[in-house]
Visitor: 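One structure is given below, represented as structure tokens, and several questions about it will come after.
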Amino acid sequence: MFFWIIATISAFFVKGLCGFANTLVFTTILSFGNNNVNISPVELLLGYPTNIILAWKERKSIKWSVCLPLALLVIIGAVPGALFLKNANTSLIKMIFGVVIVFIGLEMLLREFQTKKTKPSKAVLVMIGVLSGLLCGLYGIGALLGAYVNRVAENSSSFKANICVVFLIDNTFRIILYGVWGIITFNILKQVIILIPFMFIGLSLGMISGKFLDEKIIKKTVVIMLIISGAALILNSL
């Protein structure tokens, strides 16, 4: 339980500080000693309230024409993703997750040095949406989706509003799906209840620290750490 507490505080500290990467941090820390089928539902239930709070707070910036099509594509991809999570070889999942972390980390790092936003095509929208659904079904990862929304959002409020609506729809769907398929168990619920206070501790510390630290430097540091962790996870799975 010690590592679960550390992962929870660290992940939601990053969430409070940067507004993203909590799932990546949480799953990366725990994947070295746990199966993803036990990690994803815990993080899903811990992160669900944060999406409700942020979506409501930034509700004036919600663009339904942006978030609803993305949410639909994510849900379509979440079904095979959840099936793979339930039935696939755990070593293979960890290796794939390591590759995904490195890929997303590099994309995030490159995006930090870009000053001009680009407008992706509809084909890119479909590809990102379905792939994000697969990643959400497997690990709850929405970083790839966040990379897209960040390009089309006008400001940080717009980004948070629309990405959180997509996450909220996806999370609601996956909670139902995980429950029906038996991925969410009574032991998972007990673990979530134990970790909820640590989630709020991490989130609060992150939000407080964000007032004093340079957000851009923190984002780059987090991304670099994720890339290193992903590479280490790939090597550990070989």
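Values reported hereafter were calculated over all heavy atoms of this structure, with side chains retained and with hydrogens, waters and symmetry mates removed.
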Visitor: So which heavy atom on Thr8 is nearest to which on Phe198, and how close?
Guide: CG2-C, 3.8 Å
Visitor: Mind checking whether Leu205 and Phe212 sit in one hydrophobic cluster, side chains of I, L, V, M, F, W, Y counted as touching below 4.5 Å?
Guide: no
Visitor: When you compare the side chain of Val14 with that of Asn22, does any pair of heavy atoms fall below 4.5 Å?
Guide: no
Visitor: If I take atom NZ from residue Lys190 and atom CD1 from residue Ile193, how far apart are they, to the nearest 0.5 angstrom?
Guide: 9.5 Å
Visitor: Could you tell me the separation between the CD1 atom of Ile188 and the CD1 atom of Ile39, rounded to the nearest 0.5 Å?
Guide: 9.5 Å
Visitor: Flag yes if Leu45 and Phe186 sit in one hydrophobic cluster, no otherwise; membership is Ile, Leu, Val, Met, Phe, Trp, Tyr, and two members link when side-chain heavy atoms are under 4.5 Å apart.
Guide: no
Visitor: Evaluate the side-chain proximity of Leu68 to Leu72: yes if any heavy-atom separation is below 4.5 Å, no if none is.
Guide: no
Visitor: Hey, quick one: are Ile176 and Val165 part of the same hydrophobic cluster, counting side-chain heavy atoms closer than 4.5 Å, chains of contacts allowed?
Guide: yes
Visitor: For the atom pair OG1 (Thr172) and CD1 (Ile175), what is the distance rounded to the nearest 0.5 Å?
Guide: 6.0 Å
Visitor: Set out, in order, the CA-CA distance, both residues' side-chain angles and the distance that settles side-chain contact (heavy atoms from CB on, under 4.5 Å) for Trp4 and Ile194, then state yes or no.
Guide: CA-CA 10 Å; Trp4 286 85; Ile194 293 172; over 6 Å; no
Visitor: Which pairs with one or both residues in residues 53-62 pass salt bridge (charged side-chain N to carboxylate O under 4.0 Å, His left out), sequence neighbours excluded?
Guide: none
Visitor: If you measure from CD1 on Ile163 to CG on Leu70, what distance do you get to the nearest 0.5 Å?
Guide: 7.5 Å
Visitor: Do the side chains of Trp56 and Val166 join up, straight or via other hydrophobic residues, at under 4.5 Å, putting them in one cluster?
Guide: no
Visitor: Could you grab the distance from atom CD1 of Ile169 to atom SG of Cys164, nearest 0.5 Å is fine?
Guide: 11.5 Å
Visitor: Between Leu46 and Ile52, is there a shared hydrophobic cluster once you connect ILVMFWY residues whose side-chain heavy atoms come closer than 4.5 Å?
Guide: yes
Visitor: Evaluate whether atom CZ of Phe200 has more than 12 neighbouring non-hydrogen atoms of other residues, nucleotides or ligands under 6.0 angstrom away.
Guide: no
Visitor: State, yes or no, whether a side-chain contact exists between Phe3 and Asn34 at a heavy-atom distance under 4.5 Å.
Guide: no
Visitor: Would a distance-only check, ignoring hydrogens and angles, find a side-chain to backbone donor-acceptor pair under 3.5 Å from Asn51 to Leu168?
Guide: no
Visitor: How close do Ile62 and Cys67 get, counting heavy atoms only, and between which atoms?
Guide: CG2-SG, 4.1 Å
Visitor: Indicate the atoms forming the closest heavy-atom contact of Ser209 with Phe13, along with that distance.
Guide: OG-CE1, 3.5 Å
Visitor: To the closest 0.5 Å, what do you measure between CD1 (Ile201) and CD1 (Ile196)?
Guide: 12.5 Å
Visitor: Can you name the closest pair of heavy atoms from Val37 and Ile183 and give their distance?
Guide: O-CG2, 3.9 Å
Visitor: Write down the atom of Met199, the atom of Thr50, and the distance for their closest heavy-atom approach.
Guide: SD-CG2, 4.3 Å
Visitor: Minimum heavy-atom separation for Pro41 to Tyr178, with atom names?
Guide: CB-CD2, 4.0 Å
